[in-house]
> 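Handing you a structure now.
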Amino acid sequence: VQLQACGGGLVQPGGSLRLSCSASANVFAIISMGWYRQPPGKQRELVATWKTGGITDYVDSVKGRFTISKEHTKNTVYLEMNFLKPEDTAVYYCNAKGTYFNGGDHRAFNSWGQGTKVTVSS
């Protein structure tokens, strides 16, 4: 299953961006989708997750500023980022887990998008 992420860019502190991540059409069911980020010179960290049933979770540093949502009829997840700070600068990656159509049966997948760069700077 392929994931296509987009929406990154350069924004001033206090600004907003919306990232989106879409899964390819052969997906049967999504169990979870999430956003991770990797700041320059640091390890990748989990930012936000969406799970079946609409359960969401966030790392403490983005609570109240970021919102993850999934479009009901599409295999697309969004990350609305508000009040951005310089420390939010990173390459953001989306991840999805679920099952996909494989001929006559379903197979599990755990896929990553290609990453989209977010730079928060004045």
Side-chain angles (χ1 to χ4, degrees):
V1 172
Q2 294 184 341
L3 302 182
Q4 182 69 39
C6 61
L10 173 64
V11 62
Q12 292 187 341
S16 300
L17 282 175
R18 189 174 83 153
L19 308 182
S20 65
C21 176
S22 297
S24 53
N26 60 331
V27 169
F28 174 72
I30 296 287
I31 297 172
S32 68
M33 296 188 84
W35 288 97
Y36 293 70
R37 66 185 179 187
Q38 187 166 14
K42 297 184 178 180
Q43 291 186 336
R44 189 176 298 189
E45 65 172 352
L46 177 62
V47 177
T49 56
W50 176 96
K51 296 181 180 179
T52 302
I55 300 170
T56 60
D57 196 15
Y58 302 89
V59 67
D60 285 346
S61 61
V62 307
K63 285 181 179 178
R65 299 188 298 122
F66 291 12
T67 303
I68 188 170
S69 61
K70 182 181 177 294
E71 197 160 342
H72 177 64
T73 58
K74 299 180 182 180
N75 294 320
T76 299
V77 68
Y78 302 97
L79 186 67
E80 186 76 32
M81 304 185 295
N82 298 311
F83 306 107
L84 283 160
K85 304 175 181 180
E87 50 264 44
D88 295 317
T89 294
V91 177
Y92 284 70
Y93 298 89
C94 64
N95 172 265
K97 299 180 179 68
T99 57
Y100 68 99
F101 295 104
N102 183 59
D105 63 3
H106 302 151
R107 297 280 179 92
F109 73 89
N110 181 352
S111 297
W112 290 88
Q114 81 280 13
T116 183
K117 188 174 182 180
V118 172
T119 303
V120 184
S121 174
S122 55

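Only heavy atoms go into these numbers, but all of them, side chains included; no hydrogens, no water, no symmetry mates. No experiment lies behind these values; they were computed from the predicted model shown. One is the number of the first residue; the rest follow in order along the sequence.
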> Got a list of side-chain donor-acceptor pairs under 3.5 Å for residues 102-113, not counting sequence neighbours?
unit_1 : atom_1 : unit_2 : atom_2 : d
N110   : OD1    : N95    : ND2    : 2.8
S111   : OG     : V1     : O      : 2.8

> Please list all pairs meeting salt bridge (Lys or Arg N to Asp or Glu O under 4.0 Å) that have one or both residues in residues 5-34, counting only residues at least two apart or in different chains.
none
> Are V27 and W50 connected in the hydrophobic side-chain network, where two residues link if heavy atoms are under 4.5 Å apart?
yes
> Without placing hydrogens or testing angles, list every side-chain donor-acceptor pair under 3.5 Å for residues 74-86, not counting sequence neighbours.
unit_1 : atom_1 : unit_2 : atom_2 : d
T76    : OG1    : S22    : OG     : 3.0
Y78    : OH     : E71    : OE1    : 2.5
N82    : OD1    : S16    : OG     : 2.8

> Locate the shortest heavy-atom distance separating I68 from W35; write the atom from each residue and the value.
CD1-CD1, 3.8 Å
> Show which side-chain atoms of residues 114-122 pair as donor or acceptor with protein atoms under 3.5 Å away, not counting sequence neighbours.
unit_1 : atom_1 : unit_2 : atom_2 : d
Q114   : OE1    : A5     : N      : 3.2
Q114   : NE2    : A5     : O      : 2.8
T116   : OG1    : G8     : N      : 3.0

> Please give me the minimum heavy-atom distance between A96 and I30, naming the atom from each residue.
CB-CD1, 4.5 Å
> Hey, what do you get for CG (L46) to CZ (R44), rounding to the nearest 0.5 Å?
11.0 Å
> According to a hydrophobic-cluster definition based on side-chain heavy atoms being under 4.5 Å apart (Ile, Leu, Val, Met, Phe, Trp, Tyr only), do Y36 and M33 belong together?
no
> If you count every heavy atom of other residues, nucleotides or ligands that lies below 6.0 Å from E87 atom CD, does the total exceed 12?
yes
> So how far is it from Y100 OH to N26 CG, rounded to the nearest 0.5 Å?
8.0 Å
> Quick one: CD1 on I31 to OG1 on T99, what's the gap to the nearest 0.5 Å?
6.0 Å
> Determine, using the 4.5 Å side-chain heavy-atom cutoff (strictly less than), whether Y92 and V59 are members of one ILVMFWY cluster.
yes
> Which pairs with one or both residues in residues 21-40 pass salt bridge (Lys or Arg N to Asp or Glu O under 4.0 Å), sequence neighbours excluded?
R37-E45, R37-D88
> Would you mind listing every disulfide bond (SG atoms under 2.5 Å apart) that reaches into residues 14-122, with sequence neighbours excluded?
C21-C94
> Hey, is NZ on K97 packed in by over 12 heavy atoms from elsewhere, all under 6.0 Å?
yes
